[in-house]
Amino acid sequence: MEALARESVVAVIGSGAMGSGIAQVAASSGHQVRLFDTRAGAAANAIVEIGKVYAKLVEKGRMGAAEADLARERLQAVNTLAEVKDAALVVEAIVENLDAKRTLFAQLEDIVDARAILATNTSSISVTAIAAQLRHPERLVGMHFFNPVPLMALVEVVSGLATDKAVADTIYATAQAWGKDPVHAKSTPGFIVNRVARPYYAEALRLLQEGAADAPTLDAVMRECGGFRMGPFELMDLIGHDVNFSVTQSVHAAYYGDQRFTPSVLQQELVNAGFLGRKSGRGFYRYGADAGKSTVQTEPHAVRPQTVGISIAREVTSSVLSPMEARLSSAGFTVAHREPLQGAEKHEAPALHTNGAAIFLTDGRTATERAAANNHPNTVVYDLLFDHAKATRIALARADQCGEEAYQAAVGLFQAAGFEVTRLDDVPGMAVMRTVAMLANEAADAVNQGVCSAIAVDIAMQKGVNYPRGPLAWADTVGIHHIVTVLANLAATYGEDRYRVSPLLRRKLAANPFGARFHAQ
């Protein structure tokens, strides 16, 4: 598997943000670049702007002056498609329209050498469909970059039904040579990232609609508990609700109405109102002069409890509470271990116990349902944490039956361990746990359906949308058994196919109930 030779010519069609970024990266990697745009002067202007970017990189010490000069000299604006005839690779970055792309590639097929590779930067259109009318569809491949191209590491190398494997392999190697982290994907709706990312938005929108908390609080929980760089609501505001909603609609339609991709009526209302996010001055947040400061729900100070214990489940080889036990121990608590109670007073394990409160990591049920099932009214559940040692916030939910004294003991326990405590309404699965479970479920289904490998989906979600951990690696960390339990409980609560468990997760679980993994340790 070899990359394109450095002396080979790369043509980029379209000089907008994506096309300019691709041209910049290709020129920096040593290729002569022909940049074409149908708009008069657009390609030349784009090259001027790229030159300014190189100059800034030199100022910051990220690029040598001579290197920047050479890269700038490799960029050439051309006025006709005929001038790209010597290209070994042509990357299309024009409007997201199937007919426009088909027309362009049909023209290019008559211009470039028969050995040249044709690549589309499409983010949503079937690569198979784009190539279908070509005489040689086997040489067309998806080369999906992420914006901004020079900064984002991911490239999805997307093969249509006719794409030659050697062509896809060459583009994969070329993306690596350009300093990117490529992944192979099959041409299916949303490819990897735009498919697997849907639950990050969908579950947040449902949580908001069900009154789990307000948008600033849910965003804080996802950032400070879940380790995500941006919360889902601030991210949707940044993307633009018109764009985000349109992608969701597209994926939903492409999968013939699959409930997992159902668009949100709440987001539809924002689009209807013109509240598109940052670009319109208002989305879930307000922007500009009238923007107020967002507040995050945080529980007031509670008294530190004197004792804390952990009940252990014999059948679980490594307790899901072990990282929490370490955090509590570092805060000066002596955590006593005990066997779970039996008979009429039997309680689930593993659980933390303090001042009458039983505290569980959420398993997808509400705290209220769990309290009833365990005959333990003073039940509190907490949300998943990305990093127990470094997390600054923890989210709790209390059963409707839970007494105030027991709940305050739980709050005091976590505050004493250095957490700010946020209370969510008692929704099933809370925020981080249900989101991570759904991301892992969608990632597992993508692997199960041959869209990509387990390694590829984790790379894609980390490099393409900056997730703190790949969804399948996260499933390994939480435990596939626990992820499946969360999904099954969500499905039972909602009665929707949306939360059906991926066959691959069930298969992994059946093979090794408490030790199943996607990645070797």
Side-chain angles (χ1 to χ4, degrees), residues 4-57 63 67-123 125 127 130-131 133-137 139-145 147-150 155 167 170-171 174-175 177-178:
L4 290 175
R6 283 173 63 92
E7 62 271 15
S8 59
V9 174
V10 173
V12 180
I13 313 301
S15 64
M18 296 301 292
S20 294
I22 296 166
Q24 177 186 325
V25 170
S28 300
S29 300
H31 295 278
Q32 296 294 321
V33 177
R34 314 272 191 267
L35 184 60
F36 173 79
D37 199 298
T38 55
R39 299 167 296 164
N45 290 336
I47 290 175
V48 171
E49 294 303 313
I50 294 170
K52 293 178 182 178
V53 173
Y54 288 150
K56 288 181 180 178
L57 291 174
M63 195 176 196
E67 180 187 1
D69 289 341
L70 288 172
R72 171 62 184 82
E73 290 171 7
R74 295 187 193 108
L75 291 161
Q76 177 188 356
V78 297
N79 297 315
T80 66
L81 281 179
E83 293 173 85
V84 307
K85 64 181 180 181
D86 56 345
L89 167 65
V90 183
V91 184
E92 165 272 312
I94 65 171
V95 64
E96 280 289 271
N97 178 276
L98 175 60
D99 289 338
K101 292 179 189 295
R102 280 178 166 174
T103 298
L104 172 63
F105 283 118
Q107 292 175 295
L108 288 169
E109 199 171 31
D110 290 331
I111 294 171
V112 298
D113 187 84
R115 294 167 295 178
I117 294 175
L118 304 178
T120 173
N121 183 54
T122 183
S123 61
I125 301 174
V127 173
I130 294 171
Q133 296 180 1
L134 295 178
R135 294 191 302 275
H136 298 286
R139 65 169 168 166
L140 189 136
V141 65
M143 194 177 190
H144 180 211
F145 292 84
N147 193 29
V149 175
V155 176
V167 168
T170 297
I171 293 304
T174 298
W178 292 3

Main-chain N/O of Val95 paired to Lys101 side chain as donor or acceptor, under 3.5 Å: yes
N/O donor-acceptor pair under 3.5 Å between Arg74 side chain and Ala27 backbone: yes
Working for side-chain contact (heavy atoms from CB on, under 4.5 Å), residues Arg34 and Val78: CA-CA 6 Å; Arg34 314 272 191 267; Val78 297; 4.0 Å; yes
Within-4.5 Å side-chain heavy-atom neighbours: His136 and Glu109: yes
side-chain contact (heavy atoms from CB on, under 4.5 Å) partner of Val112, chosen from Gln107, Arg139, Lys85: Arg139
Under 3.5 Å: donor-acceptor pair, side chain of Asp37, backbone of Ser15: yes
Asn79 backbone acceptor or donor facing Glu83 side chain under 3.5 Å: yes
Heavy-atom side-chain proximity of Lys56 to Met63 below 4.5 angstrom: no
Value rounded to 0.5 Å, distance of CD1 in Ile22 from CG in Asn121: 4.0 Å
Side chain Tyr54, main chain Leu70, donor-acceptor under 3.5 Å: no
Pairwise side-chain contact, Leu118 with Glu92, heavy-atom cut-off 4.5 Å (strictly under): no
Aromatic ring pairing Phe145/Trp178, orientation class (parallel under 30°, perpendicular over 60°, tilted between): parallel
Val91 side chain reached by Ile13 side chain, heavy atoms, under 4.5 Å: no
Heavy-atom side-chain contact between Val155 and Met143 under 4.5 Å: yes
Side chain proximity check, Thr38 to Ile94, heavy atoms < 4.5 angstrom: no
Taking every non-hydrogen atom, the tightest pair across His31 and Ser8: ND1-O, 3.0 Å
Electrostatic pair Arg135:Asp110 at N-O distance under 4.0 angstrom: yes
Glu96 and Thr122: CA distance, side-chain angles, deciding distance, side chain to side chain donor-acceptor pair (under 3.5 Å) verdict: CA-CA 7 Å; Glu96 280 289 271; Thr122 183; 3.0 Å; yes
